[in-house]
Amino acid sequence: MKRVFSSVTDGRGFDLVLVGVPFTFLLALAGLPLLYNILMSFQEVDMFSLASVIRPFVGFKNYVDLFTEPETISILKNTVIFVVGSIAGQFLVGFSLALFFWINFPGASWLRGLFLVSWVMPGLVVGAIWNWILSGDFGVLNFLLQQTGLVNGNIFWRSDPNFSLWAVILANIWLGTSFNMILLATGLAAIPADLYEAAEMDGANAWQRFWTITLPMMRSTIGAIIALGLIFTLQQFDLFAAITDGGPNNSSNVAQYWAWDLSFRQYDFGKGATISVIMTVFVMFAATVYVRSTRHEVRG
Amino acid sequence: EDVKLVLWSLDRDIQPAPNLIKEFNAQNNGIQIEYRQLQFDDVVSEAMRAYSTGKAPDIIAIDNPNHAMFASRKAFLDLTDMIQQSKVIKPENYFPGPLKSATWDNKYYGVPKATNTIALYYNKDLFKAAGLDPEKPPQTWTDLVATAKKLTNPSKNIYGITFSAKANEEGTFQFLPWAQMGGATYKSINSEGAVNALTVWKQMLDEKLASPDTLTRSQWDSTATFNAGNAAMAISGPWEIDRMLSDAKFQWGTALLPVPGEGAQRSSAMGDFNWAIFSSTKHPKEAFKALEFFASKDATMYKNFGQLPARSDLPVPPTGNALKDSALATFVEQLKYAQPRGPSPEWPKISKAIQDAIQAALTGQMAPKAALDQAAAKIKSIDG
Amino acid sequence: MTHQIELSAVNKYYGAYHALKDIDLSIRKGSFVALVGPSGCGKSTLLRSLAGLETISSGDLVIAGKRMNGVPPRKRDLAMVFQSYALYPHMTVEQNLTYSLKINGVRKAERQRAAADVAAITGLSNLLHRYPRELSGGQRQRVAMSRAIIRNPQAFLFDEPLSNLDAALRVHMRKEIRALHDRLGATSVYVTHDQVEAMTMADHVVVMRNGIIEQQGKPLDLYDRPANRFVAGFIGSPAMNFIPARATPDGRALVLDLAEPQTVDLGCPLPAGRALIVGIRPEHLTLAAADAVGFKVDVATVETTGAATFITTATAPEIVVALNGRSVVAAGETIRLTFAVSNVHLFDAATEQSLK
Amino acid sequence: MTHQIELSAVNKYYGAYHALKDIDLSIRKGSFVALVGPSGCGKSTLLRSLAGLETISSGDLVIAGKRMNGVPPRKRDLAMVFQSYALYPHMTVEQNLTYSLKINGVRKAERQRAAADVAAITGLSNLLHRYPRELSGGQRQRVAMSRAIIRNPQAFLFDEPLSNLDAALRVHMRKEIRALHDRLGATSVYVTHDQVEAMTMADHVVVMRNGIIEQQGKPLDLYDRPANRFVAGFIGSPAMNFIPARATPDGRALVLDLAEPQTVDLGCPLPAGRALIVGIRPEHLTLAAADAVGFKVDVATVETTGAATFITTATAPEIVVALNGRSVVAAGETIRLTFAVSNVHLFDAATEQSLK
Amino acid sequence: MSEIARNRLLLALSVVMAAIYLFPLYWMYLTALKSGSEMFATPPTFWPSSAQWRTFTYVWESRNMGRYLWNSTVIAFGAVALIAFLGTGCAYVLARYRNVWVDIGLFLILMFQVLPASLMITPIFVGFSQVGLLEYPRFAVILAITAKSMPFFVVLVRATFMAVPMELEEAALVDGNSRIGAFFNIVLPLARNGILVSAILIFMQAFGEFVYSKSMIQDIQLQPASVGLNSFMGPNTSEWNNIMAYATMYVTPILAIFVLLQRRIVSGLTSGALK
Ligand SMILES: Nc1ncnc2c1ncn2[C@@H]1O[C@H](COP(=O)(O)OP(=O)(O)OP(=O)(O)O)[C@@H](O)[C@H]1O
Ligand SMILES: Nc1ncnc2c1ncn2[C@@H]1O[C@H](COP(=O)(O)OP(=O)(O)OP(=O)(O)O)[C@@H](O)[C@H]1O
Ligand SMILES: [Mg+2]
Ligand SMILES: [Mg+2]
């Protein structure tokens, strides 16, 4: 007993307790639901059997059915575009802002705080406002574009199949900016100043310092942000519901919205779960990349 | 010890359920009802989840196209016998459409709670400005298109008409009456009349008589553009009346939905909820008593809550506001032709097939006929 | 331009703390300047100001004839060894070394050659692919050093570059640095706490205290003719002994204020009756035969490094004597010390300025 | 228990790198051990293993009679000065100093008093409320030092604690550390690159190279009787001169392998014809009168620190001569060097082991 | 360019950027003051024709917002506390070592949050109902939020711990600290930037959490503000001005608090620590 106690205060036991408890918690509350979902994708599920684990087993039928639907491929393609476009946009905008506010000028830290807005606003409100901003007839985006003479007819961001997905991406970039910005700002703050001094002595200009010091030193932060950004983007569906409803004609439909639509509008839980499993595989790939990237992190 | 019942609905504080419950509980007749408010999107999934974990409420208000899904699985209690013996609830007092939506296999699995439908609103000022007779709204589809063309004025940001072809149940709700007026049903969604209907819709979008955003805008948001004076006509339901009275700064009127041609059969969509009792209830009698109480209040439904009872035996009392009364008259008339969606336990999937067809045709990615053919095939495979 | 670097009336404040006080300093092109002074006197601050890493609060900094106050470090063409090393933790040793070359667009093959050359000098050849966190303290310092000397800058700034190296390596590096300096004809400013380094490497030594320059000059000038008591005590190790004394009223002799006052005749006129401080270096004191001239002291401790022996006396203030080789003197003995009059330094007791 | 710390067959690997190789070491209670060796030889690793910060890969570590391999650092009751200082950046100097006291439940007033006392010794009194980032390099090192000596532990581990201090302060701190050590009767292990520190402070010196202990013993023993060429060269500064030589076939005399071979008679029998290395310390070489016995060399450079002069010869290998005071010898001259036979060290050319 | 001019320029630039970025917030405030259909007017109006201040009092009173906000606060604090309690240590361990187990741990952590709340709710609801947790609905929601957001917290805070030099912890151990003591006294304070920011993000997220609350908290007395907000949405009605007024009262205070809090992100917490 004493040995166990002393291991907990001083040795490996401390580490084991620190990871053990949360992992047990997560296994129960997040791991089991994940398994439940995977299981459902191989079963036929209806309202009566939601609560039971034993349900008619259908093998890969849900998967096969899904891939015979004509829209599947285009939806998966949309998903990739959505994820890549959103993450790239959020990251670039967020990083630019973080760098900008990293410059020390009076008011910088206050103004930086305002960029948290997109994280606080309720999804319902955000959706409604973007719905309005992106409206074809009276939206402010068209209004501004026309006032500045950039376009001369209204662009129907939401209803033109060529634009609808990008409209949601635009809104999602706005939404993700705060998260990226504030975390990248924290990461920047943690880089020791003397590295920049050394780099400056070595003749590196601001641009070179950014590429050779800032970026590699922030590797662990950037890795975490992109990994999490990916997951958030893959869960985003408020915006789809508010702005395009996946339309027109599925041109802005993505896997997560489709999964939600199948599960909660068409009550086809099996297929909904199947899509989420496909997405899980996608994330698994990304998670592996992230975990591998942590090998090159710099320990302080 | 009082019997405790749980009731779920999406009614807010100014809507019937919570208020009726208050009244009911105040009677102190040994039954107390506990209320929970749900969101529109969640009613079915919450109910399913609760039902499958044995935590279903006793009574629920369910959207009429979803009724069959529960009824067909016997998740709802068969009320046929109780209704037969009831002095308050009499099937013959109800509009046939709403009643049909609560019926499955010729048995009653619920009672219509309220009803609504869609009709045409139009802006009389804009009619006048376009040289049209404000008292002669369009009667037929061709009429409608021609009128819309005249009313459309891009320089003033005015569209001829607004409606919703959104990729959700609202799109189906708006399109189905058109298809049905053309003689189609959901089982024959690719029949000629439906194709015509879709072709007319497509024409209105292609010619920019309606905003391209019709494809992604809900009925409520669409009608808001009408209220703001940016659309000359709107297709929507009675729920708009109050907002229109306060927001619309112009003269407006209502009319029945135009028909395909002179004298053609009318049809309309039917909305709103039904009462149902879960088959898992431990107190079926008490629950039915509550339904009887609610039905007994149908007469004041409009006055108190602005909703139309699904009853053909109750006149809608005048409100004192002429504009409102005339609009209501239109809707009550339109209700006579209202048909339920389905009923089918697979309605959500059927509806999805219809939405897909509408969107595919309106975005020009498929011809109306081809799109509806595809939908028909899908519906066939779903409906068996 | 003979003066490569000129500072005039430079001040630096850290908040309220006045770290550099009216520094005037001219550094000739190609010279090797050692900057010495007690811990915290402002050496690093001065170096960092030269490099442009600190903005000076007032005064002018001129490099090669151009006023440089606001010029960013990278435009000054200086190489610096940081006291804290400031190695790039995410780069291998080789990448650390070649970073500046890479920035300047030197080709890869050439960079690698340069790194190999420098690593051979600093003994890092086997460690080129390690990361800084996998190095010992001295190895890190050598990386910091190598990173500076791989370049051919106009001037080098060294901030205690050898403090964590062993004696042999230090001797070796000293030679290499000086050779490099001579080869490139660069100007070097070198902060060190090591007396031998300062005296043997530098052409010019600057002694600082509390943010001001106390004295500067050729190394041996400072050793032989310190301007004041502080410099006298600071240059030379072990430090000079200071004994309070008073000139006799006739100015002929000196009375040392030891436990028992001892009179010494310096054979030169002294300011009559004045309070003085006598300074004499440990290496200039020798053991005298019992009857020779000198003064008597009791021995407190005897330490030896093998090559030298340090005797500390039991007087107040204590006196240190440095003798060659081993000595037979033991603690507790009484010995007689003597010295050459020419090796005595006299300071005014009040101002502490040299009287010579 | 006479041995406070005992290491037997201790090995430490960093991944594939073998940092400590079969270390056997016994440290007597109350002794002051200096750990010296070239940069990267494993001194810090050994110290960190003692402290419990590195888990040793094999072998036994016994402290005060108890096997301590797996015991956490805080149960070892050691104080350590880190080579990298490891100051708590979010605490003021005072908080840094008193942190260990606070953990042990010492009262606030008492902690402050202790901090004031230590700060007075290390000259930090004015800086108690500064944060580490506001200190100079030497001041940081003094904080690191003070943080260790504020406690009364069983043993002190010092990892180059004075490397960044100026000479005067270093002398002062040396005394204080030794006095503290004696007062507490604690055991100290002291890593240093400073010869004087190692020789004057320690009772026992351990010389390491490449993860092994080359020799250990009393300071003067190492100076006088180095076991091999490495130790001979490492102890003493400037380092011992090594001249390849060969005994004459009759074993009577030695032929030094300089530019022109020179024969020296040591007056003792030598292994006939064997290849040898002659070691002689710079301070043991003296200038001989032109006609005295000795050998002739050309002078390459002459450096002086004021107190001493170092002459480097133009021979291969070069020979360094350390002379007292200033010398008149100039570069380019030819001089004769002589030495006492008793000061010569002989090493086998192949094994490099001492022949004495 | 002088220092002052530079600062002014930067300030002006950042105000412009903030103005663009904050437009949706402005629009929320604006819509709250507009009448229902004015939002859809062409061309858009950037100032309310007649400000409807009454909307705010109406919304506050009719929805009993005080109670909603209190519940949101309880849930958000509960979730943040639990997440910080469980997640900080976990992140620390995952940052401290570099081996296969850590790889596996990180991988799992990411996989644990792959499902959106809408898909997690069914199994969690089923599970909670079986163990009776639904009797304590706010606690149940806290647990669910914790499971959902902890991975996020762990991954981010881990990145922060990476920047804390191991040597400082070692120094604390030698100074006589236990691992726990060193963790709390040395490591945590130095990682506070990242922990603070992650906690802020989590708090905001939990404060607006909607999916779990609406399903698990059936008693209106216990529902959070996010659920209350949706009560303005009907099948065929959306009271945008009320929704925006509600959202305004709901968002503005937390935003203000966190604008203040995040200022504590200061640079270089560890400077001066190591040679
Ligand atoms: N994490 C590590 N990975 C690999 N090698 C390491 C690591 N840490 C130290 N070493 C190596 O172990 C050897 C011993 O290191 P240590 O720090 O003990 O040297 P040291 O004797 O203290 O040197 P110095 O005087 O330079 O401080 C060095 O060669 C070093 O490069
Ligand atoms: N950021 C700061 N804030 C306040 N005082 C500072 C700051 N940085 C340095 N100082 C003080 O300025 C003085 C000069 O510091 P500097 O680093 O130049 O000393 P130094 O001569 O290099 O000393 P060392 O030999 O110990 O490195 C010191 O007393 C130091 O405490
Ligand atoms: Mg310094
Ligand atoms: Mg070391």
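Computed from heavy atoms alone, side chains included, the values below leave out hydrogens, waters and symmetry copies. Naming: A, B, ... by sequence-line order, numbering from 1 per chain.
Residue A:Phe285 qualifies as open at atom CZ: its count of foreign heavy atoms under 6.0 Å is 12 or below. Atom CZ of C:Arg107 has 12 or fewer neighbouring heavy atoms from other residues, nucleotides or ligands inside a 6.0 Å radius. Remark: C:Lys102 NZ is loosely packed, at most 12 non-hydrogen atoms of other residues, nucleotides or ligands lying under 6.0 Å away.
Using a 4.5 Å cut-off between heavy atoms, C:Phe82 touches chain A through its side chain atoms alone. Contact of C:Leu101 with chain A is not made at all, since no heavy-atom distance falls under 4.5 Å. Looking at C:Arg48, only its side chain comes within 4.5 Å of chain A, counting heavy atoms on both sides.
For the pair A:Thr212 and C:His90, the tightest heavy-atom approach, listed with the atom from each and the gap, is O-NE2, 2.7 Å. Residue A:Leu195 comes nearest to C:Tyr88 through the heavy atom pair O-CE2, 3.7 Å, listed as atom of the first residue, atom of the second, then distance. The minimum heavy-atom distance linking A:Ala204 with C:Arg74 is given by the pair O-CD, 3.2 Å. Contact detail for C:Ala86 and A:Ala198: the closest heavy-atom pair is O-CB, 3.7 Å.
Per-residue heavy-atom pair counts under 4.5 Å with chain A were compared for C:Ile103, C:Leu87, C:Asp77, and the maximum is reached by C:Ile103. Ranking C:Ser100, C:Ala51, C:Ser84 against chain A, the residue ahead of the rest is C:Ser100, based on heavy-atom pairs under 4.5 Å.
Atom OH of C:Tyr99 is separated from atom CD of A:Gln208 by 6.5 Å, given to the nearest 0.5 angstrom. From C:Leu78, atom CG reaches atom CD of A:Glu200 across 11.5 Å, with rounding to the nearest 0.5 Å.
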Which donor-acceptor pairs under 3.5 Å do side chains of residues 65-72 of chain C form with protein atoms, sequence neighbours excluded?
unit_1  : atom_1 : unit_2  : atom_2 : d
C:Arg67 : NE     : C:Asp60 : OD1    : 2.6
C:Arg67 : NH2    : C:Asp60 : OD1    : 3.1
C:Asn69 : OD1    : C:Leu61 : N      : 2.8
C:Asn69 : ND2    : C:Gly59 : O      : 2.8

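A:Asp202 and C:Arg151 are joined by a salt bridge, as a carboxylate oxygen and a charged side-chain nitrogen come within less than 4.0 angstrom of each other.
A heavy-atom distance below 4.5 Å is not found between the side chains of A:Tyr196 and C:Leu53.
Residues of residues 214-235 of chain A that come within less than 4.5 angstrom of chain C, heavy atom to heavy atom, are A:Pro216, A:Met217 in numerical order.
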